[in-house]
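Remember, it's 1-based here, ligands and their atoms both numbered in the order they're listed. Values in this document were obtained by computation on a predicted structure and should not be read as measured data. All values below come from the heavy atoms of this structure, side chains included, with hydrogens, waters and symmetry mates left out.
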Amino acid sequence: MDITAQHRLFGGTLSFVKHDSAATQTPMALSVFVPEGEGPFPVLIWLSGLTCTANNFTEKAGAYKRAAELGLMIVAPDTSPRGEGVANDEAYDLGQGAGFYVNATQSPWAAHFQMETYVTHDLLELIAAEFPADMSRVGLSGHSMGGHGALTLAMNYPHLFKSVSAFAPIASPVHCPWGQKAMTAYLGPSHEAWERSDAALRLARGKALPFDEILVDQGLADPFLETQLMPHLLEQAAKVAGQKLTLRRHEGYDHSYYFIASFIDDHLDFHTRRLKA
Ligand SMILES: N[C@@H](CCC(=O)N[C@@H](CS)C(=O)NCC(=O)O)C(=O)O
């Protein structure tokens with residue numbers, strides 16, 4: 001592991017980190033906020049959306065003041081493997097910056113795009129080995145593509161994650177153009193292979209292990225609301241599954257980090273209540 005930059009803030013430390021991932025077979029970048037004190041600390045992992053690196057959340061969400069008050073570590077990984085030898089696409093919604101938190105099975109993506117294993121294994125292993133983290137108290141949150149990642153990884157790995165929330169998540173990749181394009185490229189044309197990476201389907205089919213509550217915030221001025229995100233599908237599926245979902249719709253808020261910054265404290269509080277319970 002290399003720490004490429006480090007800053008003190010709100011009594012804690014923010015580290016920009018690079019490490020080698022066995023899953024992606026590339027170096028991976030992330031940021032790690034550690035609050036003041038000895039630890040071990042509960043951890044929130046944040047999964048970002050399309051086009052993001054680890055820096056978008058780190059620089060724009062305004063999360064660290066509250067995290068420092070709560071004694072919460074925050075880990076923000078990159079959204080995909082990157083580099084010259086890594087497959088890419090000219091479009092912003094496929095390839096580098098758009099890993100969708102799945103393990104690709106299709107060429108040319110399968111060689112490096114193993115983001116599901118990266119987040120649920122390599123990233124957690126790094127945090128456990130190198131930082132004062134309490135790995136029995138890890139929560140997962142994210143935005144848009146990262147909201148989809150947070151929901152589906154929490155549903156598929158409930159033994160790893162104690163709490164889950166999302167901002168403007170892609171609720172059902174099977175039903176939207178971003179999801180259909182990425183899942184076809186990474187997992188192939190069979191919808192069967194997509195199902196475990198679709199939060200609404202997973203819930204509706206009774207295959208998601210329950211959380212006591214899932215918190216989702218959605219801006220009503222989000223340009224992707226109707227065409228890509230479709231939170232009503234998550235709402236319907238949660239009803240069918242008997243999963244408590246708090247879906248808050250916010251008049252006038254868009255898809256940006258201004259929206260995330262406005263409600264991030266509520267998510268940090270939500271996770272801390274569950275991680276410290
Ligand atoms: N077409 C847009 C879509 C990308 C987008 O809105 N990305 C969101 C996540 S889905 C984001 O967080 N962008 C980076 C930022 O706002 O800092 C673009 O290329 O900018």
Side-chain angles (χ1 to χ4, degrees), residues 5 14 16 28-31 33 44-64 74-82 88-102 113 115-116 118-119 140-153 164-186 197-200 215-234 247-250 252-268:
L14 178 71
F16 287 91
M28 290 294 294
L30 62 144
S31 78
F33 173 74
L44 180 66
I45 296 186
W46 173 270
L47 303 180
S48 295
L50 291 168
T51 74
C52 289
T53 65
N55 295 25
N56 299 69
F57 174 86
T58 308
E59 292 165 359
K60 292 175 160 181
Y64 301 123
I74 303 184
V75 175
D78 202 347
T79 52
S80 78
R82 295 179 193 269
N88 202 4
D89 189 277
E90 280 178 8
Y92 73 92
D93 54 2
L94 191 67
Q96 298 186 31
F100 270 81
Y101 306 102
V102 297
F113 283 74
M115 287 300 288
E116 176 172 339
Y118 173 68
V119 172
L140 199 50
S141 188
H143 173 223
S144 196
M145 173 184 74
H148 137 80
L151 293 170
T152 54
L153 295 184
V164 61
S165 75
F167 287 80
I170 300 172
S172 184
V174 166
H175 289 99
C176 75
W178 277 343
Q180 289 160 353
K181 178 176 175 180
M183 297 296 159
T184 306
Y186 297 143
S197 299
D198 186 300
L215 173 63
V216 172
D217 278 310
Q218 175 64 59
L220 291 178
D222 185 326
F224 304 115
L225 173 58
E226 309 284 347
T227 50
Q228 304 279 7
L229 305 172
M230 306 180 191
H232 63 281
L233 296 178
L234 196 64
L247 171 56
R248 308 190 303 184
R249 293 177 165 91
H250 302 282
Y253 285 87
D254 61 22
H255 196 64
S256 70
Y257 268 90
Y258 296 109
F259 159 60
I260 295 170
S262 303
F263 299 103
I264 191 70
D265 283 4
D266 292 350
H267 286 244
L268 302 183

List, pair by pair, the atoms of ligand 1 and of the protein that are both N or O and lie under 3.5 Å apart, giving the separation rounded to 0.1 Å.
residue	atom	partner	partner atom	Å
ligand 1	7 (N)	L50	O	3.0
ligand 1	17 (O)	N56	ND2	2.8
ligand 1	17 (O)	K60	NZ	2.5

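- For S144, the side-chain hydrogen bond (donor to acceptor under 3.5 Å, both in side chains) partners are H255, not counting sequence neighbours.
- In this structure, the ring of F57 has its center no less than 6.0 angstrom from the ring center of H143.
- For W178 and F224, the gap between ring centers is short of 6.0 Å.
- Considering CH2 of W46 and CG of L268, their distance stands at 9.0 Å, rounded to 0.5 Å.
- Between F167 and F263, the ring centre distance reaches or exceeds 6.0 Å.
- For F100 and H148, the ring centers are positioned less than 6.0 Å apart.
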